[in-house]
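Accompanying notes for the structure given below.
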Amino acid sequence: MPKTPPVVPPAAVPAAPPVHAEGVSNDEFRAAMSRLAAGVVLVTAHEPALDPDGPGGEDVGMTATAFLSVSLDPPLVMVSLREGSRMDDLLAEQPLWAVSVLSENQRHIAGRFAMKGRISDRLLFQDIPYVRGEATGALLVDGALATLECRTEQRVPAGDHTLVIGRVLTADVPGADGGPLLHFRGRYRHLE
């Protein structure tokens, strides 16, 4: 009786990056979009206390590069939030939020609030100078190029993100020195 050759499992083939129906992979899309320079902002909101007799709630912050002006009349802005993120969940319940447009000297703030698996937001805000916005109660970073306080007008699901459109309630240009902090090719940069 002839011997049957042993069965050898096929060599592991590395998985190809996911390709969408239109043919663009996540990596290709990410690489292309990294060539678009974007301003960097810190989005903040105050999460109210669950128990009215308990502690006063918590401040939450998130670095964003997908932020833009939508309309002059009325004054509207938009920020894109990862669906299911803490900020997305909070702004689904809490309509008031703020934006600090970061300067080139505030790279450390952007990096701190962009970390995955980061520590408590309370600790992240600990050594950052700020004021509390009068219209929203959200934190506004001292030294930012501009600050805006907003109220959510509309939430639009968009793929794995939520586009939050906010009416600008206050806008301030505190006269900070320096240029804007930019995000380009996956890194924080400044104008030269």
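The shown structure was predicted, so the numbers you read here are calculated from the model rather than taken from an experiment.
- Atoms OG and CG, from Ser85 and Asp160 in turn, are 10.5 Å apart once rounded to the nearest 0.5 Å.
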Original post:
Checking side chain to side chain contact (heavy atoms under 4.5 Å, CB included) for the pair Arg82/His161: CA distance, chi angles, key distance, verdict?
Top reply: CA-CA 4 Å; Arg82 186 175 41 81; His161 278 63; 4.0 Å; yes
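- Side-chain atoms of Glu149 come within 3.5 Å of backbone N or O of Thr136 as a donor-acceptor pair.
- Heavy atoms only, all atoms of each residue included: Asp73 and Ser71 are closest at N-OG, 3.3 Å.
- Side-chain contact check for Cys150 versus Val77: some heavy-atom pair is nearer than 4.5 Å.
- Note on Phe67 and Leu96: separate hydrophobic clusters, where clusters join Ile, Leu, Val, Met, Phe, Trp and Tyr whose side-chain heavy atoms are under 4.5 Å apart, directly or indirectly.
- Using a 30° and 60° split on the angle between ring planes, Phe113 and Phe125 fall in the tilted class, from 30° to 60°.
- Judged by distance alone, the side chain of Thr44 and the main-chain N or O of Leu139 form a donor-acceptor pair under 3.5 Å.
- A distance of 12.5 Å separates NE2 of His183 from CG of Leu102, quoted to the nearest 0.5 Å.
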Subject >> Test log, rule side chain to side chain contact (heavy atoms under 4.5 Å, CB included), inputs Leu90 and Trp97 >> reply: CA-CA 10 Å; Leu90 176 56; Trp97 46 285; over 6 Å; no
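- In the hydrophobic cluster analysis, where Ile, Leu, Val, Met, Phe, Trp and Tyr join through side-chain heavy atoms closer than 4.5 angstrom, Val43 is grouped apart from Leu140.
- Under the 4.5 Å side-chain heavy-atom criterion for grouping Ile, Leu, Val, Met, Phe, Trp and Tyr, Tyr130 is connected to Leu124 within one hydrophobic cluster.
- The pair Arg112-Asp127 meets the salt-bridge criterion, with a side-chain N (NZ, NE, NH1 or NH2) lying under 4.0 Å from an Asp/Glu carboxylate O.
- A salt bridge between Glu104 and Arg189 is absent, with no side-chain N of the basic residue lying under 4.0 Å from a carboxylate O of the acidic one.
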Original post:
Going through the checks in order, is the side chain to side chain contact (heavy atoms under 4.5 Å, CB included) test met by Glu47 and Arg86?
Top reply: CA-CA 10 Å; Glu47 184 172 30; Arg86 182 164 185 206; 3.0 Å; yes
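- When side chains are defined from C-beta on, Ile128 counts as touching Val141, because their heavy atoms get closer than 4.5 Å.
- Residues Arg155 and Ala92 share a closest heavy-atom pair of NH1-N, 3.5 Å.
- Residues Ala110 and Val40 share a closest heavy-atom pair of CB-CG1, 3.8 Å.
- Of all the heavy atoms in Arg167 and Leu76, the pair that sits closest is CA-CD2, 3.6 Å.
- If you take CD on Gln106 and CG on Leu181, they are separated by 8.0 Å, rounding to the nearest 0.5 Å.
- Linking Ile, Leu, Val, Met, Phe, Trp and Tyr residues whenever their side-chain heavy atoms come within less than 4.5 Å leaves Ile165 and Val168 in two separate clusters.
- Closest approach of Val60 and Asp121 over heavy atoms only: CA-OD2, 3.3 Å.
- Atoms CG and CG, on Asn105 and Leu145 in that order, are 9.0 Å from each other to the nearest 0.5 Å.
- Shortest non-hydrogen contact noted between Ala144 and Pro174 is O-CG, 3.3 Å.
- Looking only at distances, a side-chain donor or acceptor of Arg132 sits under 3.5 Å from a matching main-chain atom of Gly137.
- Checking side-chain atoms of Gln94 against main-chain N and O of Leu91 turns up no donor-acceptor pair under 3.5 Å.
- Cluster membership check: Leu81 shares its hydrophobic cluster with Leu148, using side-chain heavy-atom separations under 4.5 Å among Ile, Leu, Val, Met, Phe, Trp and Tyr.
- Test Thr162, Leu163, Val164 against Val156 for side chain to side chain contact (heavy atoms under 4.5 Å, CB included) and you get one pass: Leu163.
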